[in-house]
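I have placed the structure first, in the form of structure tokens, so that the comments after it can refer back to it.
Proteins get letters first, then strands, A, B, ... in listed order; numbering begins at 1 in each.
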Number of protein chains: 2
Amino acid sequence: MAATVKDVARRAGVSPRTVSNVVTGTTRVADATRARVEQAIAELGYRPNAAARNLRRGRTGMIALVVPELDQPYFAELARATIAAAERHDYRVMLEQTDAAESAERRVFAADQDSTLFDGIIFSAVEIGLSDVRSISQARPVVLLGERSFESAFDHVAIDNVAAARTAVQHLIDLGRTRIAAIGAQDDHDTARLRTLGYTTALRDAGQAVDPALIESTRRFHRADGAEAMARLLDQGEPPDAVFCYSDVLALGAMHTLHTRGLRIPEDVAVVGIDDIEDGRFSHPPLTTISPDKEYIARQAVDRLIARIGDRELAAVDLVAPSELVVRQSTSGTP
Amino acid sequence: MAATVKDVARRAGVSPRTVSNVVTGTTRVADATRARVEQAIAELGYRPNAAARNLRRGRTGMIALVVPELDQPYFAELARATIAAAERHDYRVMLEQTDAAESAERRVFAADQDSTLFDGIIFSAVEIGLSDVRSISQARPVVLLGERSFESAFDHVAIDNVAAARTAVQHLIDLGRTRIAAIGAQDDHDTARLRTLGYTTALRDAGQAVDPALIESTRRFHRADGAEAMARLLDQGEPPDAVFCYSDVLALGAMHTLHTRGLRIPEDVAVVGIDDIEDGRFSHPPLTTISPDKEYIARQAVDRLIARIGDRELAAVDLVAPSELVVRQSTSGTP
DNA sequence: TAGCCTCTTTGCCACGTTGCAAGACACCTG
DNA sequence: CAGGTGTCTTGCAACGTGGCAAAGAGGCTA
């Protein structure tokens with residue numbers, strides 16, 4: 001049986017309350033007393049019981065970060081940044097994976113079940129619908145990451161996806177490319193929709209026609225999806241001379257196919273992605289990408305969530321995270 | 001204020017105890033009563049309070065997985081598998097990052113502080129020393145992942161690193177390579193040491209000399225470290241014709257340098273890694289690697305940890321996870 | 001119809017902690 | 001030396017749940 005405040009108190013010859021005062025540091029304690037208590041704590045190896053503390057305090061000091069897949073580099077990097085941001089508030093982060101739409105429901109439900117385990121939730125899941133979020137939000141504060149069509153009701157942090165996509169495509173246009181494909185479109189995915197909008201807007205602004213045959217949908221955002229989409233594009237009559245991928249991982253998959261087919265990057269096909277994951281910096285060739293400020297996103301999301309935990313009545317805000325084009329050899333040619 | 005069992009009980013016209021019986025399902029409850037209680041739960045949006053439940057039950061249903069860096073693909077994939085394995089036992093996984101040796105101490109300490117938050121810990125951190133683990137292990141069950149020189153004292157799951165390294169290097173020897181370099185050696189890292197042992201053993205068994213100049217140490221296991229180590233190897237007089245990297249990420253970094261220097265893979269330099277991360281399947285060329293069974297590792301670690309939570313007196317076991325060579329184009333030539 | 005048995009439901013209490021507010025004590029000022 | 005001030009310590013109670021064992025209800029057998 002682990003030692004409790006009572007045991008420590010007995011050993012140090014003080015009341016349990018004083019032990020608590022020493023441990024939490026909220027109240028003034030005489031140096032001599034503190035020393036005695038600390039020694040007793042050390043001797044007994046006392047550790048505060050988190051469950052009891054949580055129960056008494058009415059909060060757990062934990063927030064949940066819900067992502068589709070932890071082993072997608074973007075989310076892993078985001079998770080890392082989120083954990084770091086939460087740490088500064090003395091909060092811990094519990095990671096939840098939704099995997100896929102179907103599974104997501106189950107998970108979200110599970111998260112809701114054990115809800116009292118978290119003080120708040122950061123959702124970076126794409127599959128979750130408005131009603132799901134709403135039902136969760138009744139119970140506890142929620143911050144959403146990524147675009148949402150129903151964003152106004154909740155705190156929300158994202159890059160400007162239309163602008164990001166436009167910038168990426170404009171970069172390809174500036175290189176003189178005229179058959180620019182897109183990989184990653186998804187009708188039921190808000191972020192993807194905005195990126196498609198940015199893509200078509202950029203083309204139209206440049207006076208280029210939008211060819212639906214050059215817009216490839218993918219079921220998910222995996223390397224394999226990017227590879228398959230690229231293969232489909234190449235199997236059409238006239239291949240593209242550039243491709244804008246809605247994520248770096250898709251782009252890496254697309255490049256895989258291009259290599260396999262013996263096409264040169266960027267001479268035959270230029271490739272640009274979004275996310276700026278580390279893989280892209282070391283791929284062959286290194287990947288041009290739109291780099292969202294993940295630290296900013298994580299920090300804002302955490303700060304906002306914790307503010308909301310403190311005051312449930314705060315008005316919802318939309319925060320736009322910075323993002324910038326990072327040009328590497330997948331578009332700019334071999335150095 | 002959230003609804004409690006008392007509120008539900010009042011509404012359903014039963015005692016709080018009956019509500020608890022319905023929720024936990026441990027005791028028989030008449031169908032009519034159950035229906036009434038469930039309706040009241042739904043109406044009030046009642047959710048069990050995790051803190052109170054943990055306090056009463058004396059366990060939290062959470063385990064910690066401690067890894068160096070979550071955004072290293074291997075650990076992200078391992079985390080994913082661990083979360084899935086834990087889920088089958090109705091356990092949740094809390095992820096902790098140690099980042100680096102120094103930071104690790106702080107984290108481990110923090111984990112120990114809040115110790116009662118977890119029922120057990122799975123350590124996949126390389127920087128942690130025996131004394132650290134021992135101090136933690138006093139408080140709660142621990143399972144170690146990866147090689148340890150002090151393994152006998154704790155439950156422990158790992159691949160056979162010597163055999164894995166030998167297999168990888170033997171593969172390069174079989175291809176006729178004669179100047180086989182190694183990237184990733186670290187004197188103070190048990191896993192790295194065993195891999196170096198496997199490397200030298202394979203060379204000696206094949207009658208090849210071990211050239212210390214071909215063994216590159218790296219401070220960490222990042223892409224950049226692999227890239228730099230490869231550059232150092234190439235800057236020496238005679239370049240290697242093959243390189244065995246102690247992780248896929250190192251290998252991807254090494255390939256980056258090879259591409260930059262205009263060397264062909266595998267014609268000029270064959271590359272093999274360890275970990276079988278997804279990146280390697282889509283790199284250019286796809287990476288030959290030793291594939292450890294991550295699902296096995298995660299499952300065994302979780303099963304073992306939970307068994308130990310149930311019985312603290314279990315004898316420590318060493319479990320060897322399967323691993324196999326996966327040959328791709330980074331060694332076998334362009335298809 | 002009494003007695004026994006099984007199935008349900010319940011009351012009591014403790015898990016370990018901390019908020020609150022009062023109590024104890026020493027010391028200082030006038 | 002009384003009164004006051006500030007510092008430090010304490011007792012009490014409650015957070016919400018579930019283990020235990022006993023009480024209650026209803027039905028069946030003899």
Side-chain angles (χ1 to χ4, degrees), chain A residues 1-38 40-41 44-62 90 113-119 139-140 310, chain B residues 1-41 44-62 90 113-119 139-140:
Chain A
M1 204 55 206
T4 72
V5 276
K6 256 187 218 144
D7 302 322
V8 175
R10 194 161 28 234
R11 180 150 195 143
V14 298
S15 77
R17 197 62 193 68
T18 299
V19 175
S20 173
N21 287 338
V22 170
V23 172
T24 58
T26 49
T27 315
R28 209 148 188 21
V29 176
D31 289 345
T33 311
R34 151 163 289 119
R36 214 143 27 94
V37 170
E38 280 173 350
I41 286 175
L44 294 174
Y46 165 76
R47 301 276 173 254
N49 180 310
R53 175 175 281 180
N54 292 344
L55 175 58
R56 190 60 243 247
R57 289 183 175 167
R59 58 179 210 80
T60 64
M62 290 207 287
D90 282 326
Q113 271 285 54
D114 294 1
S115 65
T116 53
L117 204 50
F118 318 121
D119 298 333
R140 88 211 74 268
Chain B
M1 204 57 206
T4 73
V5 275
K6 256 186 217 145
D7 302 321
V8 175
R10 193 160 29 231
R11 180 154 196 136
V14 298
S15 77
R17 198 61 194 68
T18 299
V19 175
S20 172
N21 287 337
V22 170
V23 173
T24 58
T26 50
T27 314
R28 209 146 190 22
V29 176
D31 289 343
T33 312
R34 150 165 289 120
R36 213 141 29 91
V37 170
E38 281 172 349
Q39 189 183 346
I41 287 176
L44 294 173
Y46 166 76
R47 301 280 172 248
N49 179 309
R53 176 174 280 180
N54 292 344
L55 176 59
R56 188 62 244 246
R57 289 183 175 167
R59 58 180 209 78
T60 63
M62 290 207 287
D90 282 326
Q113 272 285 54
D114 295 0
S115 65
T116 51
L117 204 50
F118 317 122
D119 298 334
R140 88 210 75 269

Full working for side-chain contact (heavy atoms from CB on, under 4.5 Å) between V23(A) and I41(A): CA-CA 9 Å; V23(A) 172; I41(A) 286 175; 3.9 Å; yes
Under 3.5 Å, side chain of [X] to main-chain N/O of [Y], donor-acceptor pair present?
X	Y	answer
R11(A)	A40(A)	no
N54(A)	A51(A)	no
T18(A)	V14(A)	no
T24(A)	S20(A)	yes
D119(B)	R59(B)	no

Contact under 4.0 Å: T4(A) side-chain N or O vs dG16(C) OP1/OP2: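 Checking dG16(C) against T4(A), no side-chain N or O comes under 4.0 Å of OP1 or OP2.
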How many whole angstroms separate atom [atom1] of [X] from atom [atom2] of [N]?
X	N	atom1	atom2	answer
R28(B)	dA25(D)	CZ	C1'	16 Å
N49(B)	dT17(C)	CG	C1'	14 Å
N54(B)	dG16(D)	CG	P	15 Å
I41(A)	dG16(C)	CD1	C1'	14 Å
R59(B)	dG18(D)	CZ	P	12 Å
R34(B)	dC7(C)	CZ	P	15 Å
K6(A)	dC12(D)	NZ	C1'	13 Å

Under 4.0 Å, counting only non-hydrogen atoms across every strand here, what does [X] touch: a base, just sugar-phosphate, or nothing?
X	result
V29(A)	sugar-phosphate
T24(B)	sugar-phosphate
V23(A)	nothing

Nucleotide nearest R53(A) when distance is taken to its side chain, options dT17(C), dT17(D), dT9(D):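 In terms of side-chain proximity for R53(A), the closest of dT17(C), dT17(D), dT9(D) is dT17(C).
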Out of dG18(D), dT9(C), dT9(D), whichever nucleotide has its closest atom nearest the side chain of R57(B):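 Selected nucleotide: dG18(D).
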Residues touching DNA chain C, which here means a heavy atom under 4.0 Å, drawn from residues 9-19 of chain B: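 Residues of residues 9-19 of chain B that come under 4.0 Å of DNA chain C are, in numerical order, V14(B), S15(B), R17(B), T18(B).
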Position toward the 5' end of DNA chain C (nearest nucleotide), A52(B) or N21(B):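 Nearest-nucleotide comparison on DNA chain C picks N21(B).
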5' priority, DNA chain C, between A30(B) and R56(A) [closest heavy atom]: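 Nearest nucleotide further toward 5': that of A30(B).
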Worked verdict on R34(B) versus Q39(B) for side-chain contact (heavy atoms from CB on, under 4.5 Å): CA-CA 8 Å; R34(B) 150 165 289 120; Q39(B) 189 183 346; over 6 Å; no
Those residues that, when tested against R57(B), pass side chain to side chain donor-acceptor pair (under 3.5 Å) (two or more places apart):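 R57(B): no side chain to side chain donor-acceptor pair (under 3.5 Å) contacts found.
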Degree of bending, the helix from dT1(C)-dA30(D) to dG30(C)-dC1(D) (end axes from five pairs; round to 10°):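 Its terminal axes enclose an angle near 50°.
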Minimum side-chain heavy-atom gap V8(A)-V5(A) below 4.5 Å: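 No, their side chains stay 4.5 Å or more apart.
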Under 3.5 Å side-chain donor-acceptor pair for R53(B) and N49(B):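 The answer is no; no qualifying pair exists.
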